[in-house]
Amino acid sequence: MSESTQDNINNPDGSITSVPTRFPYVPATPEPSPQNPVVSKDITVNRSKSTWMRLYVPTAALNGGVSSEKLPLVVYYHGGGFATGSVDFYPHHDFCNLMARELNAVFASPSYRLAPVNRLPAAYDDGVDAPAVFADLSPLRIRGMILHQPFFGGEERCESETNVNFPHILSDACWHLCLPVGANRDHEYSNPTVGDGPKQMEKIGRLGRNWKVVVIGRERHRLIDRHRDVAKLMKDQGVDVTEHFTDGDVHGAELVNQGVCIKRERVQRRFGCGGGQGGNRFGRGGGGGR
């Protein structure tokens with residue numbers, strides 16, 4: 001199973017031409033072997049929307065093809081500004097492979113429809129639909145959310161956006177492609193601090209202390225101030241939030257640097273995603289603004 005990923009070209013007449021990217025893709029690896037410590041398999045989520053999911057299971061947790069222990073479940077949403085990216089893009093595949101092995105956890109990496117053909121909230125709706133695949137796994141409980149360098153926006157530039165040497169045109173172009181036609185960056189799909197955002201955060205707060213959120217960012221990231229603002233908003237609304245902001249590394253470094261990936265594994269283990277803890281958990285990650 002493969003996902004069609006597009007590059008988008010803006011034409012002078014205002015139209016958009018989508019062309020296939022040249023990203024390298026990799027197939028699932030369903031057969032266990034000494035060289036393959038994690039098995040993966042592609043399954044359909046919604047045939048009418050052409051959405052699907054790749055599941056990753058560490059072979060160490062298998063016994064004759066049947067899981068011998070309860071494992072945490074982490075649902076990972078790949079990044080790409082809602083306009084590019086793919087489940088089977090090799091850095092995303094390798095990241096999920098490594099994290100499943102290191103955490104001794106089941107990783108699920110669902111696809112979602114991409115802009116500009118499918119503007120928001122299509123990706124959000126697909127993201128909500130994906131965990132329904134596990135509805136029959138009782139007593140599976142959603143225990144938290146990981147916001148890993150989340151993609152947020154806003155009309156007024158925050159300080160980090162103006163200080164970091166990174167062109168606004170890239171993020172602005174993504175929002176232009178994926179927000180509803182005519183909407184600006186203060187839309188609820190991109191800026192959770194405006195409108196009904198605080199009320200939505202309050203709903204998370206009412207889930208109680210057994211439901212946790214971790215926000216991961218980098219001090220020199222151009223959106224670090226937005227990450228802090230959203231973390232503060234959630235805390236103000238009673239959400240149990242852990243902030244993990246570190247210096248160094250570039251955006252998406254964990255996708256190409258195994259050492260950075262292992263650091264993320266340690267953060268997620270402290271968050272409660274490590275295996276062998278007698279319960280199922282649900283987390284989320286990726287570079288998209290969720």
Say you draw a straight line from [atom1] of [X] to [atom2] of [Y]; how long is it, rounded to the nearest 0.5 Å?
X: L223; Y: R218; atom1: CG; atom2: CZ; value: 12.5 Å
X: F151; Y: C178; atom1: CZ; atom2: SG; value: 6.5 Å
X: R101; Y: N36; atom1: CZ; atom2: CG; value: 10.5 Å

Got [X] and [Y] here, is their nearest side-chain heavy-atom distance under 4.5 Å?
X: H244; Y: I146; result: no
X: F82; Y: Y124; result: yes
X: Q237; Y: P198; result: yes
X: P24; Y: F89; result: yes
X: N46; Y: D126; result: no

Testing the basics here: between [X] and [Y], what is the closest heavy-atom pair and its distance to 0.1 Å?
X: T29; Y: S40; value: N-OG, 2.7 Å
X: V39; Y: P30; value: CG1-O, 3.7 Å
X: M201; Y: P192; value: CE-CB, 3.8 Å
X: P58; Y: N104; value: CG-OD1, 3.5 Å
X: A130; Y: P110; value: CB-CB, 3.6 Å
X: S109; Y: C96; value: CB-SG, 4.1 Å

Where the side chain of [X] meets the backbone of [Y], is there a donor-acceptor pair that is under 3.5 Å apart?
X: R143; Y: N210; answer: yes
X: Y112; Y: H78; answer: yes
X: T242; Y: V214; answer: no
X: R119; Y: L179; answer: yes
X: W211; Y: I204; answer: no
X: D88; Y: Y25; answer: no

By side chain to side chain donor-acceptor pair (under 3.5 Å), which residues pair with [X], not counting sequence neighbours?
X: S50; answer: none
X: E243; answer: K235
X: K41; answer: none
X: S33; answer: none

Parallel, tilted or perpendicular, judged at 30° and 60°: which one describes the rings of [X] and [Y]?
X: Y56; Y: H93; result: tilted
X: F95; Y: Y76; result: tilted
X: H227; Y: H221; result: tilted
X: Y189; Y: H187; result: tilted

For D229, the salt bridge (Lys or Arg N to Asp or Glu O under 4.0 Å) test, sequence neighbours excluded, returns none
Checking D172 now: which residues fulfil salt bridge (Lys or Arg N to Asp or Glu O under 4.0 Å) with it, not counting sequence neighbours?
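In terms of salt bridge (Lys or Arg N to Asp or Glu O under 4.0 Å), with neighbours along the sequence ignored, D172 is linked to R157, R185.
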Margin query: Checking R222 against S171 for the side chain to side chain donor-acceptor pair (under 3.5 Å) test, could you report, in this order, the C-alpha distance in whole Å, the side-chain angles of both residues, the deciding distance, and whether it holds?
Written below: CA-CA 10 Å; R222 68 183 306 269; S171 57; 2.9 Å; yes
Report the C-alpha distance between L55 and I43 in whole Å, list the side-chain angles of each, state the deciding distance to 0.1 Å, and finish with yes or no for side chain to side chain contact (heavy atoms under 4.5 Å, CB included). CA-CA 8 Å; L55 295 174; I43 63 173; 3.9 Å; yes
Would you kindly confirm whether V239 and V194 end up in one hydrophobic cluster when ILVMFWY residues are joined by side chain heavy atoms under 4.5 Å apart?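 Per the 4.5 Å side-chain linkage, V239 and V194 are not co-clustered.
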Same cluster for V128 and V213 if Ile/Leu/Val/Met/Phe/Trp/Tyr side chains link at under 4.5 Å? no
**Study point:** Test log, rule side chain to side chain donor-acceptor pair (under 3.5 Å), inputs S111 and T51
**Key:** CA-CA 6 Å; S111 72; T51 54; 5.0 Å; no
When you look at L147 and M234, which way does the side chain to side chain contact (heavy atoms under 4.5 Å, CB included) test go after all the steps? CA-CA 12 Å; L147 295 175; M234 287 192 289; 4.0 Å; yes
Please evaluate residues M53 and D42 with respect to the criterion side chain to side chain contact (heavy atoms under 4.5 Å, CB included), reporting the C-alpha separation (whole Å), side-chain torsions for both, the decisive distance (0.1 Å), and the verdict.
CA-CA 6 Å; M53 175 188 297; D42 296 339; over 6 Å; no
Notebook entry, point to check: Would you call K49-D125 a salt bridge at under 4.0 Å N-O?
Noted result: no
The test is side chain to side chain contact (heavy atoms under 4.5 Å, CB included); show your working for N191 and W175 and say whether it passes. CA-CA 11 Å; N191 189 351; W175 289 124; over 6 Å; no
Practice item. Using a cut-off of 6.0 Å, state whether more than 12 heavy atoms not belonging to R206 lie near its atom CZ. Key: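 Result for CZ/R206: enclosed.
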